[in-house]
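Counting convention: from 1, in listed order, for ligands and their atoms alike.
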Amino acid sequence: MIEKIKSGDRRSIARAITYVESESLESEKLLDELFHLTGKAYRIGITGPPGSGKSTLTNALAKYYRKSDLKVGIIAVDPTSPFTGGALLGDRVRMTDLGLDQGVFIRSMATRGSLGGLSKKANEAADVLDAAGFDIIILETVGVGQSELDIAKTADTTIVVVVPESGDSIQAMKAGLMEIADFYVVNKADRPGSEQSVSAIKTMLQYRSHDESTFMPNVVKTVATENKGINEVAIEIQKHKEHQISHGKFHNKRISRIKEKIKEITEFKLCNLLWSSNNNAFMSEELNSPYQVSEKILEDFKMNLTKRS
Ligand SMILES: Nc1nc2c(ncn2[C@@H]2O[C@H](COP(=O)(O)OP(=O)(O)OP(=O)(O)O)[C@@H](O)[C@H]2O)c(=O)[nH]1
Ligand SMILES: [Mg+2]
C-alpha cells in the first residue's frame with residue numbers, strides 16, 4: 001500500500017484517508033511509514049464564514065496551480081456541523097469539474113459528531129496526500145469552531161475569506177479568525193461595499209501587534225466565480241512563503257507542527273492507557289471528593305507503570 005500511495009494510486013490514497021478517518025490501528029502504522037515522505041507539499045489553509053466562497057476560491061486556485069502542472073490535493077472539511085446546519089448546503093459549490101483531473105484529488109471530511117480530533121485527522125489526511133506527491137494541499141474549513149481554526153492554523157499559509165456584507169468582517173474577528181490570517185481575501189467583490197470591507201480590515205490590521213519580522217497581511221479582492229483576483233491570491237501566497245523562509249519561520253512552523261503532533265499522539269495514548277486500567281471501578285466505589293479520587297487514580301496509575309517496568 002505504501003508503494004501504491006507513493007506512486008500516486010488514487011484508490012490507495014482514498015483508502016488510506018479512510019483508515020485515518022476511522023483512527024484504525026492500520027492508520028497509525030501507515031502514517032508512521034509515510035512520515036519520512038512528508039514535508040514536500042505546501043499547505044494552504046482557507047477559512048472564513050459559511051458561504052463566503054471558500055470552495056469556489058479553492059476551485060479557482062487549484063485550476064491556477066494546475067496550469068503550472070502542480071498536483072493539487074484538496075481536503076474540504078464538510079460543513080455538516082451543527083453550527084451551519086443544512087441551510088447553506090443547497091448553495092454549496094461541488095467541486096465536480098476538478099474531479100476528473102488526475103492531477104487533483106478532492107476529499108471531504110465530515111465534521112458531524114467528530115469535532116474532537118478533527119484537526120488531527122485533517123492533518124493526517126494532508127500527510128497522506130503529501131506522501132503521495134501532491135505539491136499543493138488546500139485545506140478548506142468553515143471558520144466556526146476551534147477545531148476548524150486549528151486546521152487552518154497549521155497550514156503553511158492561512159487565508160481568511162470574507163464577503164463585503166456589513167458586519168461579516170467584524171463577526172470573523174469575533175470568531176478569532178482575524179488573528180490566524182496570513183492575508184485576507186474579500187471575495188464577492190462584484191457586490192457593493194467591497195472597498196469599505198477592504199479598508200475596514202486594513203484599519204483593524206493597524207492595531208495588530210507586529211515587529212520588523214512580522215509579515216504584514218495584505219487584503220486581496222476576488223470574484224472567485226469569475227476567476228478574478230486569483231493570480232493576486234497566488235502571488236500573495238508566494239510572498240508569504242518567501243517571507244517565512246527568509247525569516248526562518250517556515251522551518252520553525254513545521255517543527256512546531258511536528259512537536260504538536262508528538263504531544264497529540266502521546267496524550268491520546270496516555271489517556272487510553274490511563275482509562276484502560278481499572279480506574280473506572282475506582283471511580284464508582286469511592287465517590288468522595290473528586291480531587292481526592294483523581295489523586296488516587298493517578299497514584300494507582302503510576303504504581304501500575306512502575307510494576308510494569
Ligand atoms: N456573486 C458572487 N458569488 C460568489 C462568488 N464566489 C462564490 N460565490 C457564490 O457563493 C455561494 C457560496 O460559495 P461556496 O464557494 O460554496 O462558499 P463556501 O464558503 O465554500 O461555503 P461553505 O463551504 O458552505 O461554508 C455559491 O453560490 C457561489 O457561487 C463571487 O465572487 N461572487
Ligand atoms: Mg465550501
Side-chain angles (χ1 to χ4, degrees), residues 43-65 72-99 104-112 114-115 118-119 122 125-126 137-152 155 158-169 171-178 180-181 183-198 201 219-234 236:
R43 300 183 189 200
I44 302 165
I46 297 189
T47 190
S52 51
K54 299 175 293 297
S55 298
T56 314
L57 185 70
T58 299
N59 212 7
L61 207 53
K63 281 184 183 155
Y64 173 92
Y65 287 121
V72 184
I74 299 171
I75 295 158
V77 175
D78 220 76
T80 47
S81 74
F83 302 106
T84 51
L88 286 148
L89 285 180
D91 201 26
R92 283 188 64 234
V93 168
R94 306 253 163 228
M95 293 181 267
T96 41
D97 54 333
L98 276 177
V104 177
F105 188 95
I106 305 170
R107 177 70 173 237
S108 56
M109 298 178 88
T111 57
R112 195 182 296 260
S114 66
L115 268 177
L118 183 65
S119 73
I137 297 168
I138 306 178
L139 293 135
E140 179 201 335
T141 67
V142 186
V144 285
Q146 190 55 49
S147 195
E148 282 87 343
L149 290 189
D150 287 345
I151 297 169
T158 303
I159 308 173
V160 169
V161 184
V162 294
V163 294
E165 257 119 53
S166 60
D168 196 27
S169 46
Q171 247 178 329
M173 186 171 64
K174 274 197 200 146
L177 275 177
M178 293 319 232
I180 64 164
F183 70 93
Y184 302 86
V185 166
V186 173
N187 187 40
K188 307 198 185 181
D190 51 327
R191 293 190 181 171
S194 64
E195 258 331 303
Q196 286 98 303
S197 277
V198 172
I201 297 171
V219 189
V220 180
K221 281 200 297 183
T222 59
V223 184
T225 39
E226 296 166 25
N227 272 316
K228 283 190 188 150
I230 307 305
N231 278 19
E232 286 73 11
V233 172
E236 208 53 37

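Evaluated for a side chain to side chain contact (heavy atoms under 4.5 Å, CB included) with V186, the options V163, V220, V162 yield exactly one hit, V162.
Residue K228 holds its NZ atom at 11.0 Å from OG1 of T222, rounded to the nearest 0.5 Å. Separation of atoms CD1 (I180) and OG1 (T158) is listed at 5.5 Å; rounding is to 0.5 Å.
Between V142 and ligand 1, no pair of N/O atoms sits closer than 3.5 Å. No N or O atom of A189 sits closer than 3.5 Å to an N or O atom of ligand 1. The distance criterion of under 3.5 Å between nitrogen or oxygen atoms is met by G51 with respect to ligand 1.
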> After noting the C-alpha distance and the side-chain angles of I44 and Y65, does the key distance pass the side chain to side chain contact (heavy atoms under 4.5 Å, CB included) rule?
Replying inline: CA-CA 12 Å; I44 302 165; Y65 287 121; 3.9 Å; yes

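At least one side-chain heavy atom of L61 sits under 4.5 Å from a side-chain heavy atom of I46.
For ligand 1, the atoms sitting less than 4.0 Å from at least one non-hydrogen atom of S55 are 15 (O), 18 (P), 20 (O), numbered in the order shown with element in parentheses. Within ligand 1, counting atoms from 1 as listed, the ones closer than 4.0 Å to a heavy atom of E140 are 20 (O), 23 (O).
The N, O or S atom of E140 with the smallest distance to the Mg ion (ligand 2) is OE2.
Under 4.0 Å is where a charged nitrogen must lie from a carboxylate oxygen, and between E232 and K221 no such pair does.
For a distance bound of 2.8 Å, the N, O or S atoms of S55 include one lying that close to the Mg ion (ligand 2).
Relative to atom 31 (O) of ligand 1, the option among A224, A76, P49, P50 with the closest non-hydrogen atom is A224. When the options T225, V163, T47, T56 are ranked by their closest heavy atom to atom 15 (O) of ligand 1, first place goes to T56. When the heavy atoms of K188, E226, K221 are ranked by distance to atom 3 (N) of ligand 1, first place goes to K188.
A donor-acceptor contact shorter than 3.5 Å links the side chain of N187 to the backbone of S52. For T141 (side chain) and T47 (main-chain N/O), no donor-acceptor pair under 3.5 Å exists by modelled atom type.
Ligand 1 lies out of reach of K228, whose nearest heavy atom is not under 4.0 Å from it.
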